[in-house]
Amino acid sequence: MKKIPAFFLALMTSVALDAQEIVFTPQWTAQSQFAGYYAAYELGYYKQAGLDVSIVHPTQSNPTLNRLKEGSCNVITLELIQAMMANGQGESLVNILQTTQHSTLSVFVRNPQVKEFEDLKECRVGTWTAGFSEIPHMIDQDKNLNIRWISFMSPVNLFISGAIDATLAKTYNEKILMKLAGIKPGNIIFFSENGYDYPEDGIYVTRAFYRRNIEKCRAFAEASRKGWEWVRTHREEALDITFKYIKAENVATNRQHQREMLDEILRVQEDKAGDTPSYILKEEDFNRLNDALVRYGYLPSALNFDGFTAGE
């Protein structure tokens, strides 16, 4: 039997997915960061929109963006900076819904005298091997801090052990883990409060898929939005739904962690405290990040906002 080249196999898979269903892959394992999508599925919002949706989580060996490239899924979530950098490398992703509006990055520091980024000069700072450190590296370069970056799977453990002076932390994850473990840092520096408040999570498809399936993409975005709106007023029920996925994926966590994670995710979806989320990527936010990525060499040239968002 003649072997089909991998490129054509991926193309055939992608075409089949177009015709049959939407395979949706969040950017991480099951957790309340994705509660709105679980709710949209379990409450039937996707079905009501005429969509046949499957939710398939990524693995460490096959992350979200790679699954999209190979054609094993056709809708994903990514952070804005990841999607923009992928476009700069020729991927042509389209944002069809923007969920979060604020940065969840922070720096946990051991020394209470360290109160701002400038105080991190020549410190040992933990970071993730998976990435998410472009903005911190920009700050390091801009302020000539000469930070000694220590890359590990879980910088929280390094911080607790005293092996590093500070660590990057997401407010919806590591910050909560440290709190639940009884770890009190000397200080916390929040990126959102220091001029680096960039939006993060959004829903993305390839430009090719969007052009072939405009109405399907719009329907998926709207049903996902309905899911998040329901979660906002049904948080405990949303956690019940989320734990169905957590248990299926054998994720080690607890309800308090997931409850606080969900509260933080819902907070950063708001433009301002108490606002109803807009679920829109604002052009001014896109342009601020666009300029920074070009200035520090993460993009070869500026991206076009209209080409990046769901519009023709």
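These numbers come from a predicted model, not from an experiment.
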Original post:
Between Glu264 and Lys175, does at least one N-O distance fall below 4.0 Å, as a salt bridge requires?
Top reply: no
**OP:** Would you mind checking if Asp275 and Lys272 are paired as a salt bridge, meaning a charged N to carboxylate O distance below 4.0 Å?
**Re:** no
**OP:** Please find out if less than 6.0 Å separates the ring center of Tyr245 from that of Phe34.
**Re:** no
Original post:
Counting only heavy atoms not in Glu284, do more than 12 sit closer than 6.0 Å to its CD atom?
Top reply: yes
Original post:
Mind checking whether Val125 and Phe108 have side chains closer than 4.5 Å, heavy atoms only?
Top reply: no
**OP:** For the residue pair Met84 and Asn290, establish whether any side-chain heavy-atom pair is separated by less than 4.5 Å.
**Re:** yes
Original post:
Which atom names give the shortest non-hydrogen contact between Ser224 and Leu97, and what distance separates them?
Top reply: CB-CD2, 4.3 Å
**OP:** Please list, chain by chain and in numerical order, all residues satisfying side chain to side chain contact (heavy atoms under 4.5 Å, CB included) with Ile160, sequence neighbours excluded.
**Re:** Val156, Ile183
Original post:
Will you find, in the side chains of Asp201 and Gln27, an N or O donor that is under 3.5 Å from an N or O acceptor?
Top reply: yes
**OP:** Evaluate the side-chain proximity of Lys226 to Gln48: yes if any heavy-atom separation is below 4.5 Å, no if none is.
**Re:** yes
Subject >> Exercise: identify the closest heavy-atom pair between Ala166 and Val107 >> reply: CB-CG1, 3.8 Å
Original post:
What about the rings of Tyr279 and Trp228, do their centers lie closer together than 6.0 Å?
Top reply: no
Subject >> Residues, nucleotides or ligands: over 12 heavy atoms within 6.0 Å of Lys282 NZ >> reply: yes
Original post:
Is there side-chain contact between Pro136 and Leu105, with at least one heavy-atom pair below 4.5 Å?
Top reply: yes
**OP:** May I ask whether Ile81 and Leu65 are part of the same hydrophobic cluster, defined by side-chain heavy atoms of I, L, V, M, F, W, Y residues being less than 4.5 angstrom apart, directly or through others?
**Re:** yes
**OP:** Tell me whether the centres of the aromatic rings in Phe24 and Tyr41 are closer together than 6.0 Å.
**Re:** no
Subject >> Presence of salt bridge, Arg295 and Asp142, under 4.0 angstrom >> reply: no
**OP:** Count the heavy atoms of every other residue, nucleotide or ligand shown that sit under 6.0 Å from CH2 of Trp28, and state whether that count exceeds 12.
**Re:** no
Subject >> Joint hydrophobic cluster, Phe209 plus Leu78, side-chain heavy atoms closer than 4.5 Å >> reply: no
Subject >> salt bridge (charged side-chain N to carboxylate O under 4.0 Å, His left out) between Arg288 and Glu283, worked out >> reply: CA-CA 9 Å; Arg288 285 192 303 112; Glu283 188 168 2; over 6 Å; no
Original post:
Are Thr167 and Met178 close enough that some pair of their side-chain heavy atoms sits under 4.5 Å apart?
Top reply: yes
Original post:
Is it true that Glu200 and Lys170 make a salt bridge, defined as a side-chain N closer than 4.0 Å to a carboxylate O?
Top reply: yes
**OP:** State, with a plain yes or no, whether a side-chain heavy atom of Asn111 is found less than 4.5 Å away from one of Asp165.
**Re:** no
Subject >> Student check: side-chain heavy atoms of Val53 and Phe220 closer than 4.5 Å >> reply: yes
Original post:
Is the shortest side-chain N to carboxylate O distance from Arg148 to Glu122 below 4.0 Å?
Top reply: no
Original post:
So which of Gln33, His257, Gln31 actually passes side-chain hydrogen bond (donor to acceptor under 3.5 Å, both in side chains) with Asn173?
Top reply: His257
Subject >> Side-chain touch Lys216/Ile22, heavy atoms, less than 4.5 angstrom >> reply: yes
Original post:
Roughly how far, to the nearest 0.5 Å, is the CD1 atom of Ile203 from the CD atom of Gln98?
Top reply: 9.5 Å
Original post:
Does Lys244 make a cation-pi contact with Tyr38, if we ask for NZ or CZ under 6.0 Å from the ring centre and within 45° of the axis?
Top reply: no
Subject >> Arg225 and Glu229 ion-paired at < 4.0 Å >> reply: yes
**OP:** Give the intermediate values and the outcome of ring pair (Phe, Tyr, Trp, His ring centres under 6.0 Å) for residues Phe191 and Tyr198.
**Re:** CA-CA 9 Å; Phe191 285 67; Tyr198 300 112; 9.4 Å; no
Original post:
Going by atom types only, do Ser32 and Tyr172 share a side-chain donor-acceptor pair under 3.5 Å?
Top reply: no
**OP:** Salt-bridge test for Asp52 and Lys47: reply yes if a basic N is under 4.0 Å from a carboxylate O, no otherwise.
**Re:** no
